[in-house]
Amino acid sequence: MDTREILTRFKSGTLAREQAVTLLTAHPGATVGEPAPAPRPDPAPAPDSTVPAPDAYAITAVHGRFPYADGLDAYWRTALDGGAERRPAPLPDPERFDADFFGIDPDTAARLAPQEGVLLETVWRTLEDAGHAGARLDALITADGEPRSVGVYLAHGPLGAACGGALPGRLCDLLGLRGPGHCVDTGASSFLAALHLATAALRTGDCAAALVAAVDAACAGAVLVRPLAAARAAGDPVHAVVRGGALAHAGRAAAAGTDARLARRARAAADLGTADIAVCETPVESGAAGAATGFAALCRAVLQLGHGTLLPAPGRTAPVAWPRPRDPQGHPLPRRASVAVRGEHGAAAHVILEEPPEHRPETRGTAAAPGRPELILLSAPTPRHLAATARRFADGLGAPADSAEALPALADLATELRIGRAALPCRLALIVRTTDELAEGLREFADGTAPEPGADLRGSGASGLLDPELPETAHYLAALRRGGRLAALARLWLAGFDVTRGEETHGRPAVPLPGSAMLPGPADAVPATGDGAAR
């Protein structure tokens, strides 16, 4: 048996991974060209075993817009009564795109495809939800030292034809990403195919993270994917784990046979058997299914894993609790689900998901003392966006303590704004000691009644102030932070310099914050209020 035959049998599912590895590496006791010995059963896992598979990938952020549901929380509430699939409708106002937020001039914005703006906003929300729109994004570095190394894999369908296949490159340009960019069009299976290609790029080191996105007439969504080990070390939130997947086309064979072969290959890639997977999300395909069909199916699986609840499905009219499976020795096992989609022309994709391992990351540094002043940095692309974002944060600070929208402690909020958000041209700096003081300052700024409107808003990058490329600059900024020189940092920030440069991000978990305000419609639809201020 030569190498080609070994790999062919492995891909067809007739060889398990352990057998293929044994033959290819010629371990003692195995000779290439002879049949592989039967694999020995794996020892029972220990009850506290949380060691991830070497080729596991973490979904660290998910954001989507669905019919009658903007965001995953709304989608989950709709899906609980079985209504997510029964109310097809187009996305609301796809042409009301906030071009000003992305710095796109009106003429260019008028030439965008209707769903292109929806996709841009969705991808931006996904980066912010993951806490990777600022310094953490800079810290995504490949083995050769390339920063902001995020690949973009777009399931485009008809949108790709309208954009000439250039949309991934446009996304990379607008967001400053330096990873590979690809368009994928395999019909309804496009999103899962794009996810499979993205994990392959992560495996080979082409990028440190990957954005996988999709948009069609009824749905838009994106996920951010990283190697699980890297995500856990960084303290990233993990919504689900991609254990394995497979792609295939039926060719002239019967589709049912192709689906069974694809499922075997996906299980082999994940080192799992049929009994290890409890739920299979397989949407019924039709000519109307779009490029985001796989994204909607993946979201259903991710939400069921996260909530430990099985949604209504054929043969199940109401949600039911999803108990965690156990091995023969009684040890708990993670819940797992598979998602399979076949397009109308036979291209199929299969992905196996697993609930995230329980993990409490070790954070660096010590908790802030109560009443210690904190520097709050906020930015936006225009003054009206900055005022709207300040109001959104002020409203979030007033949310009840048990609300999902409640903000974290003041010190954590200040840290997250520094390392998790982009440094945009229009800026606000507030030095406060309590969340009440912060809420008051933000609301005064949004209303245009701040007593000290202060500094100009500039987007020049503060050329001439400090050289961002010099290592001494990072040392200087770190010294200001250690010494509590918050007013000096605020002045640099308002002058246009990114004072988050060089700040440590590793091991500092992302905390949830309200997203940046986006204002669809013409620029005169919302009055511009407020100026940059340091207090």
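All values below come from the heavy atoms of this structure, side chains included, with hydrogens, waters and symmetry mates left out.
- Judged purely by atom type and a 3.5 angstrom limit, Q304 uses its side chain to pair as donor or acceptor with the backbone of L311.
- Ring geometry, W124 versus F101: the interplanar angle exceeds 60°, so the pair is classed perpendicular (tilted spans 30 to 60°).
- Without hydrogens or angle criteria, R226 side chain to A58 main chain gives no donor-acceptor distance under 3.5 Å.
- Scanning all heavy atoms of the two residues, the minimum distance from T126 to A222 falls at OG1-CB, 3.4 Å.
- Within the 4.5 Å cutoff, the side chain of L305 has no heavy atoms near those of the E354 side chain.
- Atom CG of L177 and atom CG of L137 lie 6.0 Å apart (nearest 0.5 Å).
- A donor-acceptor pair under 3.5 Å links the side-chain atoms of R427 to the main chain of W493, judged by distance alone.
- To the nearest 0.5 angstrom, L477 atom CG is 14.5 Å from R485 atom CZ.
- Side-chain atoms of D236 do not come within 3.5 Å of backbone N or O of T60 as any donor-acceptor pair.
- Side-chain contact, T500 with D498: a donor N or O sits under 3.5 Å from an acceptor N or O.
- Taking the side chain as every heavy atom from C-beta outward, L171 and D173 never approach each other to under 4.5 Å.
- A distance-only check finds a donor-acceptor pair linking the side chain of E437 to the backbone of R433 [under 3.5 Å].
- Taking the side chain as every heavy atom from C-beta outward, L386 and L424 never approach each other to under 4.5 Å.
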query: So E116 and R170, salt bridge (Lys or Arg N to Asp or Glu O under 4.0 Å) or not? Walk me through it.
result: CA-CA 10 Å; E116 192 170 350; R170 186 175 299 165; 2.4 Å; yes
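- Side-chain contact between L413 and L397: present, with at least one pair of heavy atoms (C-beta onward) separated by less than 4.5 Å.
- Although no hydrogens or angles enter the test, the distance criterion places a donor-acceptor pair under 3.5 Å between the side chain of T389 and the main chain of A517.
- Between the CZ atom of R125 and the CZ atom of R65 there is a distance of 9.0 Å, given to the nearest 0.5 Å.
- Here T122 contributes atom OG1 and L127 contributes atom CG; the two are 11.5 Å apart, rounded to the nearest 0.5 Å.
- Counting only heavy atoms from C-beta outward, the side chains of V302 and V223 never approach each other to under 4.5 Å.
- The main-chain N or O of G131 is found under 3.5 Å from a side-chain atom of R136 such that the two form a donor-acceptor pair.
- At a threshold of 4.5 Å between non-hydrogen side-chain atoms, the residues L174 and I104 count as touching.
- Side-chain atoms of D98 come within 3.5 Å of backbone atoms of L519 as a donor-acceptor pair (strictly under, hydrogens ignored).
- Salt-bridge annotation for R324 and E355: present, with a side-chain N of the basic residue lying under 4.0 Å from a carboxylate O of the acidic one.
- Counted within 6.0 Å of CZ on R481, heavy atoms from surrounding residues, nucleotides or ligands total more than 12; the atom is thus considered enclosed.
- Classified by interplanar angle (parallel below 30°, tilted 30° to 60°, perpendicular above 60°), the ring pair Y75/F66 is parallel.
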Kindly indicate, with the supporting measurements, whether the criterion side-chain contact (heavy atoms from CB on, under 4.5 Å) is fulfilled by L192 and V339. CA-CA 8 Å; L192 296 186; V339 182; 3.8 Å; yes
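- Using a 4.5 Å heavy-atom cutoff, the side chains of V432 and T434 are not in contact.
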With side-chain contact (heavy atoms from CB on, under 4.5 Å) as the criterion, how do R421 and L513 come out once you've worked through the C-alpha distance, each side chain's angles and the decisive distance to 0.1 Å? CA-CA 10 Å; R421 295 301 174 94; L513 296 180; 3.3 Å; yes
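- Closest heavy-atom contact between V238 and A231: CG2-CB, 4.4 Å.
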(Q) For F97 and L112: C-alpha separation, side-chain torsions, deciding distance, then whether side-chain contact (heavy atoms from CB on, under 4.5 Å) applies. (A) CA-CA 10 Å; F97 168 52; L112 297 180; 3.5 Å; yes
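- Shortest non-hydrogen contact noted between P319 and T309 is CB-CG2, 3.9 Å.
- Listed here is the closest heavy atom pair of A446 and A387: CB-O, 3.5 Å.
- Scanning all heavy atoms of the two residues, the minimum distance from E416 to P509 falls at OE1-O, 3.9 Å.
- One finds the CG atom of L140 at 8.0 Å from the OG1 atom of T505 (value rounded to the nearest 0.5 Å).
- To the nearest 0.5 angstrom, Y57 atom OH is 10.5 Å from L228 atom CG.
- Proximity of C299 to V62: side-chain heavy atoms (C-beta onward) are separated by under 4.5 Å at one or more points.
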Run L428 and L377 through side-chain contact (heavy atoms from CB on, under 4.5 Å) and show every step you take. CA-CA 6 Å; L428 170 67; L377 304 177; over 6 Å; no
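- In plain terms, the two heavy atoms of F445 and A390 that are nearest each other are CD2-CB, 3.8 Å.
- In terms of modelled atom types and a separation under 3.5 Å, the side chain of T293 and the main chain of G290 share a donor-acceptor contact.
- At least one donor-acceptor pair under 3.5 Å links the side chain of R148 to the backbone N or O of L175.
- No option in E128, E121, R392 other than E128 meets the side chain to side chain donor-acceptor pair (under 3.5 Å) test with S516.
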